[in-house]
Each structure stands twice: as structure tokens, then as C-alpha cells.
**Student:** 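This is the structure I want to talk about, given as C-alpha cells.
Lettering follows sequence order; numbering is per chain, from 1.
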Amino acid sequence: MKRTHHCNQLRPEHLGQTATLCGWVHSRRDLGGVIFVDIRDREGRTQAVFDPSDLPPEVFHRAEALRAESVVRVTGSVRRRPDGTDNPKIPTGTVEVMASELEVLNLADPLPFQIDEPEAAARVNEEMRLKHRYLDLRRPEMLRNLRLRSRVAATTRTYFDEQGFLEVETPILFKSTPEGAREFLVPNRREPGTAYALPQSPQQFKQILMVAGVERYYQIARCFRDEDQRADRQLEFTQIDVEMSFIDREDLYATIEGLLQRVWKVALDRDIPTPFPRLRFADALNRFGIDKPDTRFGMELADFTEEFRSSPFKVFSGAVAAGGVVKALNAKGLACATQGQLQAMTDLATSFGAKGLAFIKVENREWKSPIVKFFGETEKAALTEKLGIEEGDLVLFAAGEWLTACEILGKIRLYAADVLKAQGKLVLDPGRFDFLWVVDFPLLSFDREQNRWYSSHHPFTAPVAEDIPMLRTDPKRVRGQHYDVVVNGVELGGGSIRIHQPDVQKTIFEEVLQIPPETAQARFGYMLEAFRYGAPPHGGIALGFDRLIAILCGTPSIRDVIAFPKTAKGTCLMTESPGLMEPKQLRELGLELKGARKD
RNA sequence: GGGGGCGUAGCUCAAUUGGUUAGAGCGCUGCCCUGUCACGGCAGAGGUUACGGGUUCGAGCCCCGCCGCUCCCGCCA
């Protein structure tokens with residue numbers, strides 16, 4: 001080994017020993033006569049002292065010429081720092097290495113940006129950080145994220161191994177399944193005109209593994225989706241993928257709760273209570289206006305459909321007459337909302353199809369609102385009671401189709417919470433984690449444009465058994481055995497109990513989803529066939545691993561927990577990928593470009 | 001595909017809202033400094049204001065286009 005200790009190891013117990021440290025020059029303080037150099041490695045930092053009075057001149061000159069982030073190897077004796085010169089900010093701050101040798105392993109050029117000062121480094125443009133990712137990752141904050149990610153991955157493997165799961169790798173070169181997300185294609189040189197596709201998830205393979213008798217499968221799997229990106233979505237991302245045979249939903253909940261409990265303990269040393277609360281999809285929408293509610297704060301929606309059924313305010317009574325609902329929420333203490341904030345909320349509402357956004361400001365014991373003149377005493381009393389209206393509140397309304405009205409107020413609720421947070425009126429404990437399962441999703445949703453049903457989750461999701469007869473007669477009312485696990489308003493993962501009878505699967509494909517039989521055969525024939533030869537009842541889930549780590553690290557962007565992420569446009573600024581295709585490559589693949597090349 | 005924000009020295013940001021020679025901190029270079037730890041002091045170098053047009057007596061600032069980064073909508077079975 002080139003070193004005897006790492007840079008967070010030396011303590012007073014090592015006094016008098018000779019130590020050799022390797023690492024990066026974190027900072028250099030040249031006082032003219034004596035030079036202090038902080039050597040940093042991934043564990044921490046240690047101060048080395050270069051004193052010209054007992055050093056060969058060439059060693060001292062090398063120390064004088066050091067630049068930040070150069071890589072060095074320093075040998076010297078460990079000694080107590082003189083009285084009054086301890087550095088309480090670092091764990092090694094009571095000792096120092098009195099250098100006798102210095103080897104410069106790599107003299108660094110001046111850096112494109114400084115990384116020694118955490119606050120300044122965190123403000124550097126992400127473009128710069130991504131271009132020089134090796135420098136960005138040297139920052140202790142980023143190394144901590146990578147380390148946490150690694151530990152959670154190891155914990156996950158240990159946990160599933162203990163529970164009798166097999167880790168099985170599935171192909172990255174898969175085949176195109178045009179349902180769902182847009183895929184990345186990989187042209188096949190051996191037969192021009194054909195292509196592999198990168199998997200959106202190992203869904204079909206893991207179900208086949210159940211048919212194969214694996215019984216319990218997991219994988220920390222890379223997935224690929226060629227869709228537009230977000231702070232929490234990358235082109236390639238990682239899932240903890242799980243599938244189990246001979247289980248019901250409850251068995252799966254317990255398995256995943258056990259995993260998350262273990263992960264939170266290892267990563268944050270926190271005990272999270274289980275079982276997690278269960279919330280039906282319909283209740284999630286009714287109370288929070290979203291299928292992944294953040295339950296750390298209230299401001300729940302309330303229903304006023306009955307109260308406004310015969311209201312003189314036609315916007316409300318008309319919506320009810322058309323079979324819709326009237327919903328409201330109380331943004332506690334937000335009567336002070338600015339014109340701009342009210343406008344932003346209205347824009348949010350109209351972007352979801354609302355005609356406008358009705359509101360009541362409660363100020364100076366008065367209800368200020370363009371619509372309050374339509375309200376009678378009964379309505380006012382109902383509002384006051386159900387919403388707990390007090391001085392300083394802002395009440396917001398949505399009327400219309402149930403799902404739309406709920407979703408509008410769901411967005412408003414989150415917006416209002418952000419405003420209240422910024423004003424310091426709503427404070428969330430950063431150590432609080434509200435887990436819950438959302439269950440009883442509708443199996444199918446209706447696509448108005450294409451005039452057909454599509455799977456809310458995916459076409460392999462099993463209907464709730466007692467609802468199967470309604471598949472043909474009343475598809476809207478069929479519940480799926482689908483579940484999402486949510487924490488603090490973030491969808492951490494989702495899954496379902498799968499269909500394991502080929503006839504039910506065929507009904508879903510052909511009669512409900514209206515996929516022509518030959519198409520279903522071409523895309524999923526091997527699954528239908530496999531299911532004819534002894535398919536066990538099974539189900540599973542996939543957890544977003546990057547999101548999981550981001551939550552544990554307390555960062556809003558998964559780019560902070562991925563070593564080499566891509567930009568919003570899908571490029572890697574460090575390697576400058578994707579790159580242009582060479583004519584030779586195109587010829588081999590039997591491809592021809594239609595558009596003009598950029599160069 | 002659509003909407004918002006940003007782009008000025010190596011980095012982070014100013015530039016009195018269109019007016020003289022575009023500034024500061026950090027970094028960098030040189031000199032000084034023997035107990036610093038964001039060391040300190042003195043001096044200095046460093047700019048195609050992302051890029052291309054336009055308006056104007058005059059543009060970092062206004063207009064059009066374009067590139068990049070970012071946030072959101074659509075999209076993400």
C-alpha cells in the first residue's frame with residue numbers, strides 16, 4: 001500500500017508514529033516560513049506541516065509549488081498540535097503530520113471551479129459541474145450521496161437474500177413493445193431492418209421467471225425510457241424490481257415495508273412504523289386531489305356538492321346538475337395572497353380545464369369574494385364548519401367532473417403549501433416521512449381522443465376478483481389489484497398482482513384494450529403461451545431507486561445521486577454523448593440518414 | 001411539441017433600468033510573511049457581455065433569431 005492511514009484516521013493515540021498519507025491538496029496555507037497543507041481523501045482531511053528548518057530544501061520547494069487538488073503522498077511523524085492551534089472543525093484537528101517527505105503524484109492545473117468551500121461549490125452552475133463531474137464528485141456532499149447509494153444497494157441485496165429472493169439479471173437487449181413509454185432502439189447489424197429495444201422495465205421477464213418457478217425474484221435493474229426529462233426523471237434510471245409467487249397484496253406490502261424499514265434504519269438510523277396506512281384511490285382524490293398525497297400537512301379538500309345543488313350560483317349548481325361535484329379547500333392563513341399568486345393559482349386551474357377559480361378571502365371578519373353574494377346562510381355555515389374557516393383564510397373552489405375538480409384543487413393545495421412554506425407559516429420537519437399505500441386504483445382509464453380504454457397501470461395487472469364479471473359490462477368500475485407506495489407526496493414505486501390465467505389476459509388484450517389478436521400474438525404471444533404451461537399466481541413491484549436515494553439524501557434532483565447523469569436534453573456534458581454516427585457504422589447497420597447532418 | 005427562468009473575467013455575482021474606459025469577491029501570477037486552517041498583506045494579469053442579426057447618435061440592457069443549462073405542461077403502459 002502506498003499509505004499507512006487514511007485522512008480521517010490519525011488521533012492522539014497515534015502520537016509519535018510515522019504515517020504516510022495519500023490524497024488531494026484540499027488547501028495550502030503558505031505563511032512564508034512554514035506551510036500547512038490539508039490532505040483530503042474520501043474519508044476526511046489531515047493537516048501536514050512543512051517546516052524548512054528540518055526539511056531538505058527540495059522537499060520544501062515542492063510544498064511551495066503545490067496547487068489545489070494536486071495528488072500527493074506525505075510521510076511524517078504524527079504529533080500533537082501546539083496549544084491553541086487545534087481545529088475543532090475536523091475530527092483529526094488535534095493532531096498533525098510533521099512532514100519529512102513529499103511526493104507529488106500529480107500536479108493539478110488551476111481548477112475550472114473551486115471545490116474546497118462547500119457553500120460556494122454548491123452554487124456552481126450544474127452545467128459546469130456536469131462537464132467536470134470528476135471534480136464535482138470529489139466534494140464531500142456528493143461522495144456522501146454515492147456512499148449512501150452504495151450502502152442502500154447493499155442493504156437491499158442483503159434483505160432480499162435473507163428473505164429467500166434470487167437476484168436474476170434480465171436482458172438489456174430486448175424487443176420493442178410499443179405500448180407505454182417511447183423506447184430506445186438498437187439496430188441489428190445481422191438483419192438490417194430489425195432492432196432490439198432497451199427495456200422500459202424487466203416486467204415481462206420477471207413474470208416469465210415466476211412461470212419458471214423462481215418464486216422470489218429481485219434485481220437492481222437499469223431501465224430506459226425515451227421520454228422528456230424532469231428533476232426526478234432520467235432517460236436511464238434504476239429500479240428495485242421485485243416479483244413473488246403465491247402471494248396476495250398484503251404479503252407484498254409486508255415485504256416492501258420490511259425493506260424500507262431496514263433501509264431507513266441503515267441510511268438514516270430512523271425507525272419507521274409499519275404497517276403503512278392504506279388509502280383508497282378514490283379517498284386520496286377526495287381528500288388530497290392527487291393519487292400520491294403528501295400527508296405531512298392538512299388543507300384537505302371538502303365536498304359541497306349537496307350544499308350547492310340548488311344554488312343560485314349557476315357555475316356550481318350547473319356543474320352538479322351535469323353530474324359533477326363542487327369541492328373546496330381552505331388555504332389556511334393565505335388571505336394575504338398577492339394578485340400574482342391568485343393569478344398563478346387561476347392559471348393552474350384553467351390549465352386543467354377549469355373556467356376560472358372561485359375564491360373567498362377572509363379578512364377583517366369579512367368574506368371578500370366576487371361570488372359570496374350568491375351564498376345563503378346555510379351554505380356559509382356549511383363552509384365554515386367543514387373547512388374550519390377563520391380570520392386570514394383563503395378558500396378556493398373547483399366545480400365540475402369529479403376527477404378534474406379533485407385534481408385542480410390537488411394542484412392548488414400543493415401550490416398553496418409552497419407559498420405558505422416560503423412565508424414560514426408552514427414548517428415541515430425534514431426528518432418526517434409519511435409513508436402510505438394507495439390501493440384500489442381503477443383498472444382502466446378512458447382515452448377520449450382515441451375513444452378506447454387503456455390500462456391505468458399496465459395490461460398485466462389483475463382485476464379485483466369480484467370485479468372480473470364487469471370487465472365487459474362496466475369497465476370503469478373494475479378495480480385493479482394495483483398499489484403505489486408513496487412517501488411525502490413522492491411516488492416511490494408501484495406494482496400489482498398480475499393476471500396468471502391466459503383467458504383473462506386474452507380478454508384484457510383483445511376485448512377490453514382492443515388490441516387485434518394478431519398484434520397481441522406478435523407482441524405478447526410468448527407470455528400467453530408461457531401462461532398455458534403452469535403459471536403460478538404472482539405479483540410484484542418496482543421502486544424508483546434514484547428517487548429513493550434522493551429522498552434519503554434530502555435532494556430534490558436525482559441528478560445529485562447519479563454519478564454521471566444526463567442533461568434535460570439527454571446529453572452527457574462530460575463525454576459529449578450522444579455522438580454522430582460514422583458512415584461506416586451506418587453502412588454496417590444498413591441505415592441511411594434522411595435529414596441533413598449537423599456538421 | 002408548448003410555456004417560464006438563466007447565460008457578463010477561470011468561478012460566483014454587480015453594472016443606478018439605453019449613456020464616459022464593464023466592476024467586486026474568490027481563483028490565477030509575482031513579491032512579503034514561522035502556527036495557519038476560507039491564513040494575512042502589497043502589486044498585477046485576466047472580458048468577442050453565449051452566438052448571429054436588427055433598432056438607436058449610442059446596446060451588457062430594447063427587438064428578432066439561434067445555441068446551451070434549468071423548471072414546469074404535454075409525455076412517462
Side-chain angles (χ1 to χ4, degrees), chain A residues 26-40 45-54 60 67-69 81-90 92-93 96 98 109-132 135 177-183 200-201 203-204 223-235 237 344 347-348 350-352 411 414-415 443-445 447 449 453-461 480 482 491 494 496 508-509 513 515 523-524 542 544 556-557 559 566-569 571 573 576 598:
Chain A
H26 185 76
S27 74
R28 188 175 62 99
R29 298 172 293 279
D30 184 344
L31 275 63
V34 62
I35 299 171
F36 299 97
V37 179
D38 280 0
I39 316 295
R40 186 198 71 240
R45 14 199 269 237
T46 302
Q47 174 167 281
V49 190
F50 294 85
D51 187 337
S53 60
D54 55 17
F60 190 75
R67 276 196 294 259
E69 295 303 313
R81 291 198 188 191
D83 280 349
T85 63
D86 285 0
N87 182 357
K89 290 182 196 165
I90 55 175
T92 60
E96 61 191 7
M98 194 63 194
D109 279 352
L111 302 178
F113 59 94
Q114 287 166 257
I115 62 171
D116 58 340
E117 217 265 300
E119 281 173 30
R123 279 204 311 274
V124 171
N125 260 323
E126 199 164 6
E127 196 173 349
M128 188 64 51
R129 293 171 51 201
L130 290 175
K131 187 170 177 190
H132 304 278
L135 292 178
T177 53
E179 302 267 314
R182 189 181 298 121
E183 299 165 315
Q200 308 168 37
S201 81
Q203 181 64 33
Q204 291 165 50
C223 307
F224 306 86
R225 292 180 189 172
D226 187 8
E227 297 290 351
D228 286 347
Q229 310 193 66
R230 293 285 190 282
D232 62 350
R233 276 164 35 188
Q234 283 268 308
L235 296 180
F237 62 101
D347 292 347
L348 212 56
T350 49
S351 74
F352 267 75
K411 294 279 178 193
L414 293 177
Y415 178 86
L443 183 71
L444 301 157
S445 307
D447 183 334
E449 282 178 22
W453 295 96
Y454 63 94
S455 299
S456 305
H457 182 47
H458 61 52
F460 314 111
T461 302
H482 167 49
E491 182 191 328
S496 61
I508 298 274
F509 279 150
L513 300 178
I515 301 173
R523 286 185 200 161
F524 307 112
S557 168
R559 291 189 298 272
K566 297 198 170 37
T567 68
K569 286 231 170 93
T571 63
L573 295 178
E576 295 185 316
K598 262 195 289 185

**Student:** Say we look at B:rU17 and B:rC61: how far apart would their C1' atoms be, to the nearest angstrom?
**Tutor:** 7 Å
**Student:** Nearest heavy atom decides the nucleotide; on that basis, is A:Phe524 or A:Ser557 closer to the 5' end of RNA chain B?
**Tutor:** A:Ser557
**Student:** Starting at CG of A:Asp228 and ending at C1' of B:rC69, how long is that distance when rounded to a whole Å?
**Tutor:** 15 Å
**Student:** If we call it a pair only when both distances are under 3.5 Å in a Watson-Crick or G-U wobble match, what pairs with B:rU36?
**Tutor:** none
**Student:** Considering only NZ, NE, NH1 and NH2 on the basic side and carboxylate oxygens on the acidic side, decide whether A:Arg28 and A:Asp30 come within less than 4.0 Å.
**Tutor:** yes
**Student:** Roughly, in whole Å, what's the span from NZ in A:Lys569 to C1' in B:rG7?
**Tutor:** 13 Å
**Student:** So what does A:Leu573 hit on the nucleic acid, given a heavy-atom distance under 4.0 Å: a base, only sugar-phosphate, or nothing?
**Tutor:** sugar-phosphate
**Student:** Rounded to whole angstroms, how far apart are CG on A:Asp109 and P on B:rU29?
**Tutor:** 10 Å
**Student:** Using atom C1' in both nucleotides, what's the gap between B:rA38 and B:rC11 to the nearest angstrom?
**Tutor:** 15 Å
**Student:** Roughly how far apart, to the nearest Å, are B:rG46 and B:rG5 at atom P?
**Tutor:** 36 Å
**Student:** Against A:Thr177, only a single residue in A:Gln203, A:Arg523, A:Glu183 fulfils side chain to side chain donor-acceptor pair (under 3.5 Å); can you say which?
**Tutor:** A:Glu183
**Student:** Could you give the distance separating B:rA15 and B:rC31 at their P atoms, to the nearest angstrom?
**Tutor:** 37 Å
**Student:** Starting from the 5' end of RNA chain B, give me the residue, A:Ala68 or A:Pro459, whose nearest nucleotide shows up first.
**Tutor:** A:Ala68
**Student:** Using the P atoms only, state how far B:rA24 lies from B:rC33, rounded to an integer number of Å.
**Tutor:** 27 Å
**Student:** Go through the steps to decide whether A:Met98 and A:Asp54 satisfy the test side chain to side chain contact (heavy atoms under 4.5 Å, CB included), and finish with yes or no.
**Tutor:** CA-CA 10 Å; A:Met98 194 63 194; A:Asp54 55 17; 4.1 Å; yes
**Student:** Between A:Asp51 and A:Ser53 (side chain of the first, backbone of the second, donor and acceptor by atom type, cut-off under 3.5 Å), is there such a pair?
**Tutor:** yes
**Student:** Just how far, in rounded Å, is P of B:rU70 from CD of A:Gln229?
**Tutor:** 9 Å
**Student:** Check step by step if side chain to side chain contact (heavy atoms under 4.5 Å, CB included) holds for A:Asp109 and A:Arg67.
**Tutor:** CA-CA 7 Å; A:Asp109 279 352; A:Arg67 276 196 294 259; 4.1 Å; yes
**Student:** Taking atom P in both B:rG47 and B:rU8, what distance in whole Å separates the two?
**Tutor:** 15 Å
**Student:** At under 4.0 Å between heavy atoms, what does A:Ala231 touch on the DNA or RNA strands: base, sugar-phosphate, or nothing?
**Tutor:** sugar-phosphate
**Student:** Within the structure, does a side-chain N or O atom of A:Ser351 lie under 4.0 Å from either OP1 or OP2 of B:rC73?
**Tutor:** no
**Student:** Round to the nearest Å and state the distance from A:Glu227 atom CD to B:rC72 atom C1'.
**Tutor:** 16 Å
**Student:** Using a 4.0 Å heavy-atom cut-off, write out nucleotides 33-38 of chain B from 5' to 3' as B (base contacted by protein), S (sugar-phosphate only) or - (no contact).
**Tutor:** BBBBBS
**Student:** Give me the one residue out of A:Glu126, A:Gln229, A:Lys566 that meets side chain to side chain contact (heavy atoms under 4.5 Å, CB included) with A:Arg559.
**Tutor:** A:Glu126
**Student:** I'd like to check the salt bridge (Lys or Arg N to Asp or Glu O under 4.0 Å) partners of A:Asp86; sequence neighbours left out, ordered by chain and number.
**Tutor:** A:Arg80
**Student:** Are any protein N/O atoms closer than 3.5 Å to N/O atoms in nucleotides 10-13 of chain B? If there are, list each pair with its distance.
**Tutor:**
| from | atom 1 | to | atom 2 | distance (Å) |
| --- | --- | --- | --- | --- |
| B:rG10 | O2' | A:Pro112 | O | 2.6 |
| B:rC11 | O4' | A:Pro112 | O | 3.3 |
| B:rU12 | OP1 | A:Asn125 | N | 2.9 |
| B:rU12 | OP1 | A:Asn125 | ND2 | 3.3 |
| B:rU12 | O2' | A:Arg123 | NE | 3.4 |

**Student:** When rounded to the nearest Å, what value does the distance between C1' atoms of B:rA43 and B:rG60 take?
**Tutor:** 30 Å
**Student:** Is the distance from OP1 or OP2 of B:rG27 to the nearest side-chain N or O of A:Arg28 less than 4.0 Å?
**Tutor:** no
**Student:** With sequence neighbours left out, write down each residue that passes ring-ring contact (aromatic ring centres under 6.0 Å, His included) with A:Phe460, or none if nothing qualifies.
**Tutor:** A:His458, A:Phe524
**Student:** Measuring only the C1' atom in each nucleotide, how far is B:rU55 from B:rG18? A whole number of Å is fine.
**Tutor:** 12 Å
**Student:** Ignoring hydrogens and angles, answer whether the base of B:rC76 and the side-chain atoms of A:Arg225 contain a donor-acceptor pair closer than 3.5 Å.
**Tutor:** no
**Student:** With a 3.5 Å distance limit and no angle check, can you tell me whether A:Arg40 reaches the backbone of A:Arg45 through a side-chain donor-acceptor pair?
**Tutor:** no
**Student:** Who does B:rC57 pair with, Watson-Crick or G-U, both distances under 3.5 Å?
**Tutor:** B:rG19
**Student:** What does A:Arg559 touch in the nucleic acid at a heavy-atom separation under 4.0 angstrom: a base, only the sugar-phosphate, or nothing?
**Tutor:** sugar-phosphate
**Student:** Is there a Watson-Crick or G-U wobble partner for B:rC69 with both distances under 3.5 Å, and if so, which one is it?
**Tutor:** B:rG5
**Student:** From C-beta outward on A:Thr571, which listed nucleotide comes closest to its side chain: B:rC72, B:rU29, B:rC69?
**Tutor:** B:rC69
**Student:** Among all residues two or more places apart in sequence or in another chain, which pass the ring-ring contact (aromatic ring centres under 6.0 Å, His included) test with A:Phe60?
**Tutor:** none
**Student:** May I have the step-by-step check of salt bridge (charged side-chain N to carboxylate O under 4.0 Å, His left out) for A:Asp228 and A:Arg233, ending in yes or no?
**Tutor:** CA-CA 8 Å; A:Asp228 286 347; A:Arg233 276 164 35 188; over 6 Å; no
**Student:** Return the value, rounded to whole Å, for the distance between atom CD of A:Glu119 and atom C1' of B:rC26.
**Tutor:** 14 Å
**Student:** Syn or anti for B:rU17, taking syn as within 90° of 0?
**Tutor:** syn
**Student:** Rounded to whole Å, please give me the gap between CD in A:Glu127 and P in B:rC71.
**Tutor:** 13 Å
**Student:** Distance check needed: B:rU70 P versus A:Arg233 CZ, whole Å only.
**Tutor:** 14 Å
**Student:** Can you list everything that forms a side chain to side chain contact (heavy atoms under 4.5 Å, CB included) with A:Asp83? Sequence neighbours excluded, please.
**Tutor:** none
**Student:** For A:Thr177, report the nucleic acid contact type (base, sugar-phosphate, nothing); a contact means any heavy atom under 4.0 Å.
**Tutor:** nothing
